[in-house]
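For reference, the structure discussed in these notes is given below.
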Amino acid sequence: MAGKSIQVFFKLIQREILLAIRHGSDSCMIVLFFVIVVVLFPLSVGPEPGILTRISAGIIWVSALLSVMLSMDRLFQSDYEDGNLDLLILASEPLELIVLAKTVAHWLTTGFPLIIISPVLALFLNMDTSGYSTLLIALTLGTPTLSLVGAIGAALILGARRSGVLLSLLVLPLFIPILIFGVSAVDASLTNLSSKPQLLILGGLFLAGLVLCPWASAAALRQAAE
Amino acid sequence: MLNNLINFLSMGGYGHFIWGAFGLSAIVLIGLIIQILQFLKSSETLLHSIKEKTNETET
Amino acid sequence: MTSFSGKKLTCIRGERVVFNDLDFSINEGEVLYLKGPNGSGKSTLLRLMAGLLRPVNGTLTWNNKNIYQDEGLFRSLTHYVGHQDAVKTALTVEENLRFWAEMNSDIKEKSTVQKALQEFSLDSFSTLPARFLSAGQRKRLNLARLCTTWAPLWLLDEPSNSLDSDSVNVLTAAISTHQKKGGIVAIATHENLDVHSNSLDISMFTNFKIKSRDYDGW
Amino acid sequence: MFNYFANPVRFLRLTSKLQPITMFVASVTIGLGLYYGLVKSPPDYQQSETVRIMYVHVPAAWMAMFCYVAIACSSAVALIWRHMLANIIAKSTAPIGASFTFLALATGSLWGKPMWGTWWVWDARLTSVLILFFLYLGYMVLYNAFDDQSRGARAAAILSIVGVINVPIIKFSVDWWNTLHQPASVIKMDGPSIHPSMLTPLILMAVGYTALYFWLLFVRTRAELNANKVRMMSIQQVET
């Protein structure tokens, strides 16, 4: 029995990624948004390297957080509109597994590209190289948690008026812990202190999210289909 | 009598902060009370009017 | 002798009593027509039967075992066809169908998917992206899902709208073969498919009214 | 079946007795608290008179937290036992809790001005209360973002439970963030250990605020039940 669930899990991820590829432009839009937001800061705060280096970690993390949140509300919306959501709820596999599969697929199409491009942006903000490796590790631990928590918000706003803005109001307060520890991890390594505690806490948040968030998103989806 | 009232009000020079805080709390809480009581009154009048209507249709 | 029945079902949707104390029972090989004017709760009852909606009280039993005990099992026994066609326009016709076939059971060979497409005469455009399909063709693709894997209980919500006449015959044929194989079907439709069936008029069960005197007693 | 309609007879009979009691308790304790706080208790040797703002700030912050936990508990009851009345209690608590949170923020900044010279201080506790204020606004906005009331109630209930699980995490991360960026903090928000004579007004005000919350909750729930019944009867009239 468990074999079938795993099979269904990967089949769902495969379908989501196939859909993302067919609508090629979606994940590129998110990455472009990420780049543009980061570019805004030197234009506003001023190009002097001194300031930029000091706040580079914060800029990258806030932009990554906004990009992930921006791409969140389409997670269940298309399934809700075309009737797929009912069938997913009625599938013999537990809904929590299906939600986890969709979140993983969402992370692969949005979170992962952000991580790949983040060193380039760190270069823009001339963050010195000691911070690069921690930035990548922190983003790899942080962005999946952002997707997991964002999935709860995406499930809650189905069928609501003005769901895009509503999602950001619901989800941003919940993103704050991830933001704080993510930025302080990179800052610690920039001032060559050890960033181990922050990364451990980020890992802890990720594991907690992995267990609790699909359960909450599934509950939200069931009440959305009622 | 008057001057110890004044120095009571001035609160050692911080009067406007303290009275500001207490005044604001009073305004917000009393505003909340009034709003809720009005909400109750309007819901009761609404209920009465719809009951009259259903009573006519039921009897 | 499989049977699917519900006792004293009461459902509230959007603060409105849709129906109250509704009973029904369908035995093996039978079709139940849900009759009633628009808004009388036909779709709500079907969604309730499928398990998408929880009744306020009353029980649903499959072989007189409460379905909420083992929901996973019950869900693997039912096919639900709703108003919307659950078709991903970016995927091809065949990909759509294969996805749902593999979701419900681990069939390996492609034949069952091909056979289902043939039955609803969709096999000619199986590699066409679904966005080129007309509404009727999309509904047929959704109905083709019924024939890919075996599930004794079919719950069909207006299956025949936007279908042309010979597709309706295909649907009637599929329903009667399902009956012969001992399946159970509940349909909400205005078209009288010539299928041997008994019917249930939902509007008889929407008599619950709040009197103005209700809960005035405080 | 009838209890789904938030059969309020039991609840309303209970609250019609409690309502005057809570009103009386609230007015007496708040009156006494004000008298003790403003007149009787001594000024603090460091902060002098401004410490009196604590008698309004600290109870409001406690109530902000108390109301959010109350929303989460009644939402949990509403989700598990599908009881509409618990949803209505949660919905009625939200604006009261949001007002207390706003008061905690406003009085906190009024307290910060004389001591640190700036209206807003990024102190760990004040920042957590600010985030809690966003959680309240999120709850209220989500509740009314749907055309169907019961959909909004269920969605907001789930959000409040997710929120209440996140509050300690947010508190922990904000405290960590505060110690990281905080130069040696001169005066912590709640000042030196509270002198016993200052404790009485604080407790009086806290009890007064709690009684006020329950009184307002009962009044507002009664009004919501009326509105609920009006809506149902008007829907029914449309059908007959």
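To find a chain, count down the sequence lines: A is the first, B the second, and so on, and within it residues start at 1. Given the structure is predicted, the values throughout are model-derived calculations rather than measurements.
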I need the [X] [atom1] to [Y] [atom2] distance, nearest 0.5 Å.
X: Asn226(D); Y: Lys41(B); atom1: CG; atom2: NZ; answer: 13.0 Å
X: Thr107(D); Y: Leu24(B); atom1: OG1; atom2: CG; answer: 7.5 Å
X: Arg231(D); Y: Ile50(B); atom1: CZ; atom2: CD1; answer: 11.0 Å
X: Phe22(B); Y: Arg52(D); atom1: CZ; atom2: CZ; answer: 8.0 Å
X: Arg222(D); Y: Ile36(B); atom1: CZ; atom2: CD1; answer: 13.5 Å
X: Lys51(B); Y: Met233(D); atom1: NZ; atom2: CE; answer: 7.0 Å

Residue from Ser99(D), Gly37(D), Ala106(D), Ala227(D) scoring the most non-hydrogen pairs under 4.5 Å with chain B is Ser99(D)
Between Val219(D), Val230(D), Leu103(D), who has the most heavy-atom pairs with chain B when the cutoff is under 4.5 Å? Leu103(D)
Can you find a heavy atom in the side chain of [X] that is under 4.5 Å from one in the side chain of [Y]?
X: Leu29(B); Y: Phe100(D); result: yes
X: Ile33(B); Y: Leu212(D); result: yes
X: Lys229(D); Y: Leu47(B); result: yes
X: Ile18(B); Y: Val56(D); result: no

Residue set satisfying side chain to side chain donor-acceptor pair (under 3.5 Å) with Ser25(B), at least two apart, ordered chain then number -> none
Side chain, backbone, both or neither: which part of [X] has a heavy atom under 4.5 Å from chain B?
X: Ile96(D); result: both
X: Leu216(D); result: both
X: Leu38(D); result: both

Sorted by chain and number, sequence neighbours left out, salt bridge (Lys or Arg N to Asp or Glu O under 4.0 Å) with Asp148(D) holds for none
CZ (Phe17(B)) with more than 12 external heavy atoms under 6.0 Å: yes
Between His16(B) and Lys113(D), does a side-chain contact (heavy atoms from CB on, under 4.5 Å) hold up when you go through it step by step? CA-CA 11 Å; His16(B) 26 70; Lys113(D) 179 75 171 108; over 6 Å; no
